[in-house]
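Taking it in order: structure first as structure tokens, then the write-up.
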Amino acid sequence: RRLERCPAEHAAALWQGFGRGLYFVFMDEPERFERFREQSPAARRGDLEFGRSLALGFTGVNRPERLLAHLAGSSGEEDLASRLTGLTWALTARRMNDPDYFGRCLGGASPEGRVLLERLPVLCEESLAASRRYTEWQERTREAVRRAYFDARTSLPAGS
């Protein structure tokens, strides 16, 4: 209820942060996260998923096939876009912090999956360069990575 009372201009970021925290609460029980998300306001479900996916991507960078499976398990285009954006921001932070570690972690992905996961941070940085505001950066990233995923989807192994 507290989140519902926050100023509108901060709502998305606060719900995304809450989703990030919920990843750790429900990390071993993803179905409980799904139930919680479905009981949340419809307008904030994507923000919750963005946050959860950011936490998953940041903590699971060394398990790229799990990240690809998370994307493949989305429940529709909006859910996929939220998952992609959250994972992208996590991968971008990981790559910026330690490019060598990032590269080693993605070594366990299929060749096609690796190409996609390596491309996501590039798109995020390009989106940042073209943006003037945080929300614009997020929107540009969301659209760019959604297009990249659909372009790559035909070459990804089944279940990715």
Side-chain angles (χ1 to χ4, degrees), residues 1-27 30 33-34 36-64 66-103 105-106 113-153:
R1 283 184 241 149
R2 285 185 178 165
L3 290 175
E4 292 171 7
R5 296 190 311 251
C6 75
E9 66 269 18
H10 303 299
L14 290 170
W15 281 89
Q16 289 168 10
F18 188 47
R20 199 168 46 247
L22 289 176
Y23 167 75
F24 296 100
V25 173
F26 298 131
M27 65 190 303
F33 175 86
E34 298 295 337
F36 183 90
R37 188 181 65 183
E38 291 307 311
Q39 294 169 2
S40 298
R44 296 296 162 213
R45 292 176 189 162
D47 293 323
L48 287 171
E49 184 57 63
F50 172 100
R52 173 176 75 153
S53 296
L54 191 147
L56 171 68
F58 196 81
T59 61
V61 67
N62 61 334
R63 295 181 302 280
R66 181 176 179 210
L67 303 182
L68 293 167
H70 181 68
L71 296 174
S74 64
S75 62
E77 284 195 41
E78 285 301 310
D79 186 43
L80 174 62
S82 295
R83 289 178 182 210
L84 269 167
T85 310
L87 284 177
T88 297
W89 281 34
L91 296 177
T92 302
R94 283 294 198 171
R95 191 183 79 163
M96 288 170 60
N97 184 53
D98 191 339
D100 293 333
Y101 176 71
F102 177 76
C105 286
L106 295 189
R114 183 179 180 136
V115 167
L116 173 66
L117 295 175
E118 287 177 338
R119 178 91 177 112
L120 298 178
V122 172
L123 295 170
C124 186
E125 291 174 353
E126 289 172 356
S127 296
L128 174 60
S131 300
R132 294 178 181 239
R133 298 177 334 273
Y134 179 86
T135 55
E136 181 183 3
W137 176 24
Q138 198 170 95
E139 290 164 10
R140 285 178 180 272
T141 301
R142 180 182 178 96
E143 184 55 30
V145 298
R146 189 189 63 74
R147 280 193 314 268
Y149 183 81
F150 284 111
D151 289 348
R153 189 169 58 177

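Values reported hereafter were calculated over all heavy atoms of this structure, with side chains retained and with hydrogens, waters and symmetry mates removed.
When side chains are defined from C-beta on, F50 counts as touching Q138, because their heavy atoms get closer than 4.5 Å. Inter-residue side-chain proximity for L56 and R66 is flagged as met; some heavy-atom pair is nearer than 4.5 Å. Looking at heavy atoms from C-beta onward, V122 lies out of side-chain contact with T92 at the 4.5 angstrom threshold. Two residues are said to be in side-chain contact when any heavy atoms from C-beta on lie closer than 4.5 Å; V61 and Y101 meet this criterion.
Applying the side-chain contact (heavy atoms from CB on, under 4.5 Å) rule to N97 yields no partners; only residues at least two apart in sequence or on another chain are considered. Partners of V115 under the side-chain contact (heavy atoms from CB on, under 4.5 Å) rule, at least two apart in sequence or in another chain, do not exist in this structure. In this structure, the side-chain hydrogen bond (donor to acceptor under 3.5 Å, both in side chains) partners of E143, at least two apart in sequence or on a different chain, are R146, R147. By the side-chain contact (heavy atoms from CB on, under 4.5 Å) test, Q39 pairs with no residue at all, sequence neighbours left out. In this structure E139 satisfies the side-chain hydrogen bond (donor to acceptor under 3.5 Å, both in side chains) test with no other residue, sequence neighbours excluded. Applying the side-chain hydrogen bond (donor to acceptor under 3.5 Å, both in side chains) test to R63 and every residue at least two apart in sequence or in another chain returns nothing. S127 meets the side-chain contact (heavy atoms from CB on, under 4.5 Å) test with W137, R140, T141, A144; sequence neighbours excluded. A search for salt bridge (charged side-chain N to carboxylate O under 4.0 Å, His left out) contacts involving R133 returns E136, not counting sequence neighbours. Residues forming a side-chain hydrogen bond (donor to acceptor under 3.5 Å, both in side chains) with T135 (at least two apart in sequence, or on another chain): none. F36 pairs by the ring pair (Phe, Tyr, Trp, His ring centres under 6.0 Å) definition with F18, not counting sequence neighbours.
Nearest heavy atom pair, residue S74 against residue D79, reads CA-OD2, 3.2 Å.
In E77, the CD atom is not crowded: 12 or fewer heavy atoms of neighbouring residues, nucleotides or ligands sit closer than 6.0 Å.
Ion pairing of E125 with R95 is present here, as a side-chain N (NZ or NE/NH1/NH2) and a carboxylate O approach within less than 4.0 Å.
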Run Y23 and T59 through side chain to side chain contact (heavy atoms under 4.5 Å, CB included) and show every step you take. CA-CA 10 Å; Y23 167 75; T59 61; 3.4 Å; yes
Pairs under 3.5 angstrom only: tabulate donor-acceptor contacts from the side chains of residues 84-91 to other protein residues two or more places apart or in another chain.
from: T85; atom 1: OG1; to: A81; atom 2: O; distance (Å): 2.7
from: T88; atom 1: OG1; to: L84; atom 2: O; distance (Å): 2.6

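A cation-pi arrangement is present between R94 and F58, with the terminal nitrogen or guanidinium carbon under 6.0 Å from the aromatic centre and inside a 45° cone about the axis.
The stretch residues 40-54 participates, sequence neighbours left out, in these side-chain hydrogen bond (donor to acceptor under 3.5 Å, both in side chains) pairs: Q16-D47, E34-R52, R37-E49, R44-D47, E49-R52, E49-S53, E49-H70, S53-H70.
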